[in-house]
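Quick notes on the structure that follows.
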Amino acid sequence: MRAFIGIDLGSTTTKAVVLDENMDVLGRGITNSRANYDTACKVAKYEALLAARFTLLQRGLASVVAAESRLEDFLGSLERSFRLGQFVEQLDDLEETCLDKAKGDRFKGREAAIAEAIRLIFVALRADAPALFARDARRKSDFFRDLAGSRFMAVGQETAKAANLSYDMLLNLYDKAIIEVENRPPSGEIKDKLLRALARLIDVSPELADLVAEVSDPVRAALDIPAEEVAVVGTGYGRVTLPFSKEHIRSEILCHGLGAHMMYPGTRTVLDIGGQDTKAIQVDDQGIVENFQMNDRCAAGCGRYLGYIADEMNMGVHELGPLAMQATRSVRINSTCTVFAGAELRDRLALGEKREDIIAGLHRAIILRAMSIISRSGGVRDQFTFTGGVAKNEAAVKELRQLIIANYGDVVININPDSIYTGALGAAAFARRAVAN
Amino acid sequence: MSTPVTEIITVTEIIARCQALFDDLNFTYAREWKAAVPGRIVVGYMPFYVPRELIHAAGGLPLGVLGGGEQLEVIQGDAYYQSYICRIPRSTIELGVTNRLDFVDAMLFPSICDVIRNLSGMWKIMFPKVRSRYFDVPQNFSDGVGGTFYIHELTELREMLAEASGRAVTDAAIRASIALYNENRALVREVYAFRARQPWKAPSAEVYLLMRAGMVLAVEEHSRMLREYLDAAAAADRPRRDNSRVVVTGAFCEQPPLNLIKSIELSGCYIVDDDFMLVNRWEQSDVSLDGDPVANLAQAYLHNSANTSAKYEPDPAQKGLYLVAAVKRTRAEGVIFASPSFCDPALLERPMLQRVLAAHDIPFIAFKYAENSGQMQPIREQAGTFADSIKLWSTP
Amino acid sequence: MTRTAGIDVGTGAVKTVIFETDGAATNWLIKRVDRVRQRDPYQLATETYHTALEELGMRHGDLDYVATTGEGESLSFHTGHFYSMTTHARGAIYLDPEARGALDVGALHGRAIRMDGRGKVLSYKMTSQCASGSGQFLENISRYLGIAQDEIGALSKQGTSPEKVSGICAVLAETDVINMVSRGISAANILRGIHSSMADRLAKLIKTIGSVDGVVLMTGGLAHDEGLVAAMQEAMRQEKVQWPVRNHPDSIYAGAIGAALWGAFRHEKLAREEALEQAA
Amino acid sequence: MTPPAAVIKDTSMLKQKEMISGNYRKLETAVADGRKVAATFVPGNLNELIMCFDMLNNLPEINAIQNGLRKKTGAYIMEAEKRGHSEDVCTYVKADLGMIAKGNIGPDGQKLPDPDLLLLSYTGCFTFMKWFELLREHYKCETAMLHVPYQGDGRISKNMISYVVKQLREEVIPKLERVSGVKFDIDRLRENLARSARAEEDFVWVLESAKARPSPIDAYFGGVYYIGPIFTAFRGTEDATLYYRLLRAEIAERLAAGQGPVTPAGDMPAERYRLVVEGPPNWTSFRDFWKMFYEDGAVVVASTYTKVGGLYDQGFRHDPDHPLESLAEYCLGCYTNRNLPSRVDLIEQYMEEYQADGLLINSIKSCNSFSAGQLLVLREIERRTGKPGAFIESDLVDPRYFSPANIKNRLESYFQMIDQRRGGGKSVPARAA
Ligand SMILES: Nc1ncnc2c1ncn2[C@@H]1O[C@H](COP(=O)(O)OP(=O)(O)O)[C@@H](O)[C@H]1O
Ligand SMILES: Nc1ncnc2c1ncn2[C@@H]1O[C@H](COP(=O)(O)OP(=O)(O)O)[C@@H](O)[C@H]1O
Ligand code: SF4
Ligand code: SF4
Ligand code: SF4
């Protein structure tokens, strides 16, 4: 497997895409960005290569397992088993690190109580884990930091009360530990881990044993195909600090333009709303950037804005869209300042407005800002493609559709479930080109 | 006045009418006014001084275009302006590109600042079919120099209007218009004086809406409305609150959101004078009706017009005294500088005015706003602190 | 004898105090601070107020004036509301009789206030909308770095080569900080950098309010951050401002104290006016 | 507009440096020498007239620029803001007021004299008027106001000329006579104007040399040096005439040799992109800003900033035969006094005549006069020429508003975009997994 990899180091998430020689996407991976850029890239790449393995598995097994649904089911179970294993491993690491942090003068005399509390919390966390990775389970996020964090806080509050310890202190231990844990790069070979996951799978789902036996050889064959990382190109907000040389770095504008063009060759206008920037890009029929505009130094109205709101309401980011969809009207919100979003929210709640209506208003505010940036870059031309993390948010998409149609008439609007990977896809294409030329 | 008893109109009704005019971003009134009689023209102008008499004399409706306020969603307008430029030009462009001003025959851009000045050129590029004119006024106030220049400018404007309306703008018509506007200005001054006497009877948000109506209504109709309001407000029974009295200044162009005006009052301040929509009371006493009407307009501009930061003050000793005079006249206890963010004329003037106030021991506070500001908390906080200190320190 | 409560409803925390005053003598009966933490601040304020009353064995009717400040304008059971600058000025003088300036730094705001000896606000300046110099920002960062609130001060003081944060914006500043971590800057230097950037801005704020005839007392939640206090003192030295800046163990209550004391003042004034009216 | 030390060491440059420091020296000793000082602005300055009264000329904008290049303005701006000026307003004003508040020490480190007259020739920007009202409040000296009307319809009318001439006669000249104690002599003015016209001729030749490929000059980063004498205290002097003669000879040599512009890093290697730039430069990071261009082979072949103090390349010359009228026409014709449609036409003309690859707008936060409407200018130019445009934002002398990473990002993308467009590029649709 010759792999051409694009990595998009964003302000909130880091994405990787693996292409093969024919420019086919083999795998995509994502993780939260973090202080250690190197790790963020490694994790994203690791995830993308993992996904690529699954693509290879699927190709290898297609001839062996005739029923498509059965194959899907098997691969899905395998992936969940893999993720659960990884999650538990990281939980173990986190627990150990927490205990390690609970030493020193500040904790004098309370060590035993703290250790016990931590143990209890992690017992609960581990007990929860399988449910998180059950079939069709809804997760608040896919990142370890968010998953472990939200459970830790929920369980921690009660545990602290019961043990008569300060909750702030327990939270602080978690904060101290998580930054270390998440900055440790993933260890171990994908292949070995997958094999272990396969073994576990039989333990939990004995009914799959036949199938597993049946596919064992093609699985091994697929896992044995060596992965050769031919070229890696980096882009994104953090690109200047990427551990790559200058020739292996492209501006995120070019990558997004090219990525969108690859997904939808008819694209002329691209809107990307990421964590802290919003870009509107005009491309020609070759995917070459003709014009672009970005938000200026203010981060108002970008993805992080939704993050702050979600935090304020104690929800996951991906739950905001569905909530806003329940609105019956939308409250007019003028300020999209991220930092004051919470204050504004409280203000409106105090005035008796309904939560869903306010949230709908906040989404509209974000999209209005994006509309201005689009308009500044030259308006919307057919076809229009919406990319970036916020494209996953149905309420944002709904407002955008409405406004695009109202202002630019009937244009094709493309939104891809994988749109968050657009920049990385463009980067991967540049990687492929670099080798071709 | 002999208003029959059956026709007594309440404050609520008048203000509801004004609010409806204020909310109507499609300018239905002006559209209907124009459609009612063939040959009528509508001439838009940006907030500030323009000689409305000439427009009226040409059979036109002067239509104040005061931006989009807080309700307009600015989508395309933002594409034309950087974040560090005030809001009013972008919402005005939005009004233009969304065809809300498509019935306007000519646009005037008064000489107030570089932003409006450049907007006049943008209008020429974006709406080539509309007559648009940058309306310059002299900063030299001697009759032979600035006066002569200004009479020329007025004459050019007069010609443009005649061309637009297809009829000559006669001296007699101008004189008749001056008379109507003299009457209107007198009524406006009366409303202001009434509020300064009994601010609890004429809440600032009401007076504001009433004056705003004057920017879009025919002058005759507005004068009638002012008269009705004066009667109705005097008759209304409204409680008097323990508020302090303030003059608001700096808001002569981009308008604050109505909520801001309400917030100032809610947090304990009665506004007893302001500089919202100065064009309503630009000439400070009647413009003469004798002789050459254009020369009279020029005279009034040079020697008897409102003071504001867009006008040069030739006499350093006089700088800012108009504000002190306003405070004295209305017995205000302080001044609130409320200016649009990024408004160069207001913000550059501010420190000079503040020093004059300080020299006269007049307390003041200052804040900035945008026409679509949503957060009133900081405003309430500052106006409230101002009012608190009067509440706590006044002697019973 | 006048009994009054002061309730300071903030975005970060609700502060409640109850006072008993008799002429010039004041007796501070109780103090409470509750972090809002995603709860309804009004409900929180109501609850805290009632538990405080209970603890003192009092009922709502026993109080002569319940004064709110901060964002408490629409708290249903209050007698009157005073705005934050009014109350912080008064509270600062109560805590530190030499105070003629107050620097209130809370969850989302910073304000510098100059007052006279009676607590009358003479001038003030507030930070503009952008919020990187606020408690919320510091809290987010320290959580990110895994540092507990009580560790911040000491750690920051250990910083030897502070790294300044550029941003006006808290969001971008957070990214700045993550960048710093990635460059291996120590937590101590990062915190010290944030403190000194904040202090720079706050010192400039103080300079704009004119010459303070006494001490500037830091009030609000961040007055308890020794790292910020130290940075503040340093910044004032660098800006060559003579007025000493200090804090007080009860600084966070300044707003609530001011509200309670102004409540008493107003109550007495109103009573006098009523007496005057009755006499007439 | 002296360059930071050791940038360009040509004879003309040395000459200019000597002229500028000479002027500062004269200002420093003005009081001792008993010379009267007029403060005035660059756009629409009446240098030839001021010279008739033996007065010295102190330009606050130039002080702000010089202080900006020396990175002193950050502190001055803070000082002005501390004294109640809004963070929103023009930083030239604040840099000037801050400098005065901190003791009025000029860029050369010597105390500047208080002006005897504020000559407010108010051209192309309302801020000037407020600026001098503020200075008047401080110095309490005489102020002469020359109101120059705006070319709202894109033309200079007779009414405008006679208004300006009348003000010169009745307001400005009498005040100059009174303050200086020198009687106005129109023949002296004629001589000065004749010298101006000669320098203007050479200056225009230099600007137009950029039509060649490669261009021997950078008409923006280099251009700001070339405009120095003619835009400031030297127009109408013998020195200025000489400077432009020297400069022209030097450029002629480079042109003949097929050389590109001189940059702080020596000769520019190869010309890759030819740009027209609209808007003033940033001064606090001038060198870093310039570097982002020459490093990538980008040359500015025409700029509008070099027209703020007069549009000589459009044929205007000071005219000794109509002295006051020609001063009026000069003031009325400065770049920012032209309406937006004329500005667009001018830029379009530059794009064509100088065969540019695109238009870059450096939008300045301080300056509404330039900035309000620039996004429409960009759009119009793109529409009319089909060439790509780019938009960056910075400020004149406020270091807080120069974000190198941001600007670099945009420039880089812009240059890559021009390249890609030239190269065509191949279509690469992907197949989804
Ligand atoms: N599943 C989801 N549902 C809704 N919003 C999402 C989802 N995933 C990410 N987002 C939004 O996308 C943003 C991140 O977008 P991304 O394009 O990855 O930004 P960056 O490249 O700057 O890191 C987040 O701040 C969040 O608001
Ligand atoms: N002991 C402490 N040390 C440091 N910071 C503190 C402490 N207590 C509170 N804070 C900070 O103070 C902030 C709350 O301050 P406060 O003045 O109550 O703000 P507000 O009035 O806006 O609620 C919180 O955001 C918290 O970060
Ligand atoms: S608000 Fe101020 S800056 Fe903006 S257009 Fe009006 S006068 Fe000009
Ligand atoms: S704090 Fe808010 S307004 Fe300020 S830069 Fe950040 S997002 Fe923008
Ligand atoms: S606004 Fe522009 S033209 Fe006016 S003084 Fe400032 S920089 Fe100069």
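Letters A, B, ... mirror the listed sequences (proteins, then strands); counts begin at 1.
- Contact count against chain B (heavy-atom pairs under 4.5 Å) is highest for D:Leu134 among D:Leu134, D:Asn339, D:Leu146, D:Val344.
- Remark: aromatic rings of D:Phe370 and D:Tyr335 are close, center separation under 6.0 Å.
- Residues D:Ile77 and D:Glu87 have side chains not in contact (no heavy-atom distance under 4.5 Å, counting atoms from C-beta outward).
- Side chain of B:Asn118 to backbone of D:Ser369: a donor-acceptor contact under 3.5 angstrom is found.
- Contacts of D:Arg343 with chain B are made by side-chain atoms alone, with heavy-atom separations under 4.5 Å and no backbone atom involved.
- Figure legend: cation-pi geometry between D:Arg379 and B:Tyr80, with NZ or CZ positioned under 6.0 Å from the six-membered ring centre and within 45° of its axis.
- Between D:Ser366 and the choices D:Asp398, D:Asp88, D:Thr127, D:Thr91, the side chain to side chain donor-acceptor pair (under 3.5 Å) rule is met once, by D:Thr91.
- In terms of heavy-atom pairs under 4.5 Å with chain D, the best-connected choice from B:Ile85, B:Val115, B:Ile125 is B:Ile125.
- Counting only N and O atoms by type, the side chains of B:Ser83 and D:Lys365 include no donor and acceptor under 3.5 Å apart.
- Ranked by heavy-atom pairs under 4.5 Å with chain B, the first of D:Asn159, D:Leu375, D:Val377 is D:Asn159.
- Both the backbone and the side chain of D:Asn368 come within contact range of chain B, each with at least one heavy atom under 4.5 Å from a heavy atom of that chain.
- Among the candidates B:Phe109, B:Phe149, B:Tyr134, B:Tyr81, the residue making the largest number of heavy-atom pairs closer than 4.5 Å to chain D is B:Phe149.
- Defined by atom type and a distance below 3.5 Å, a donor-acceptor pair is missing between the side-chain atoms of D:Glu393 and B:Gln82.
- Interface remark: of the candidates D:Glu171, D:Lys140, D:Glu133, D:Glu133 forms the most heavy-atom pairs closer than 4.5 Å to chain B.
- Looking at D:Val93, the atoms closer than 4.5 Å to chain B (heavy atoms on both sides) all sit in the side chain, from C-beta outward.
- Stacking of B:Arg117 on the aromatic ring of D:Tyr150 is recorded, both the 6.0 Å distance cut-off and the 45° axial limit being met.
- With a 4.5 Å cut-off on non-hydrogen atoms, B:Pro138 touches chain D through its backbone and its side chain both.
- Among B:Ser309, B:Ala366, B:Cys86, the residue making the largest number of heavy-atom pairs under 4.5 Å with chain D is B:Ser309.
- Looking only at heavy-atom pairs under 4.5 Å with chain D, the residue among B:Glu313, B:Met352, B:Met122, B:Met126 that has the most is B:Met352.
- In this structure B:Asp275 satisfies the side chain to side chain contact (heavy atoms under 4.5 Å, CB included) test together with B:Thr249, B:Ala251, B:Phe252, B:Leu278, sequence neighbours excluded.
- Heavy atoms closer than 4.5 Å to chain B are found in the side chain of D:Glu170, but not in its backbone.
- With a threshold of 4.5 angstrom between heavy atoms, B:Asp136 approaches chain D through side-chain atoms but not through N, CA, C or O.
- Using a 4.5 Å cut-off between heavy atoms, D:Phe391 contacts chain B through its side chain alone, with no backbone atom that close.
- Contacts of B:Glu156 with chain D are made by side-chain atoms alone, with heavy-atom separations under 4.5 Å and no backbone atom involved.
- Proximity to chain D (any heavy atom under 4.5 Å) is shown, for B:Ser111, by both the backbone and the side chain.
- Side-chain contact between D:Leu411 and D:Leu360: present, with at least one pair of heavy atoms (C-beta onward) separated by less than 4.5 Å.
- With a 4.5 Å cut-off on non-hydrogen atoms, D:Ile361 does not touch chain B at all.
- Ring centroid separation for the pair B:Tyr301 and B:Tyr49 comes in under the 6.0 Å cut-off.
- For D:Leu378, no part sits under 4.5 Å from any heavy atom of chain B, backbone or side chain.
- Interface check for chain B: of the options D:Gly373, D:Gly152, D:Ala372, the most heavy-atom pairs under 4.5 Å are formed by D:Ala372.
- Contact tally against chain D (heavy-atom pairs below 4.5 Å) for B:Ser120, B:Gly121, B:Cys113, B:Pro345: the top residue is B:Cys113.
- Among residues at least two apart or in separate chains, salt bridge (Lys or Arg N to Asp or Glu O under 4.0 Å) pairs with a member in residues 350-361 of chain B are B:Arg355-D:Glu137.
- B:Tyr84 has its ring centre no less than 6.0 Å from the ring centre of B:Phe342.
- With a 4.5 angstrom heavy-atom cutoff, D:Gln151 does not touch chain B via any of its atoms.
- In terms of heavy-atom pairs under 4.5 Å with chain B, the best-connected choice from D:Met160, D:Arg169, D:Gln167 is D:Gln167.
- Among D:Ser371, D:Pro149, D:Gly84, the residue making the largest number of heavy-atom pairs under 4.5 Å with chain B is D:Ser371.
- Annotation for B:Gly250 and B:Ala346: closest pair O-CB, 3.8 Å, computed over non-hydrogen atoms.
- Within the 4.5 angstrom heavy-atom criterion, only backbone atoms of B:Ile112 (N, CA, C, O) approach chain D.
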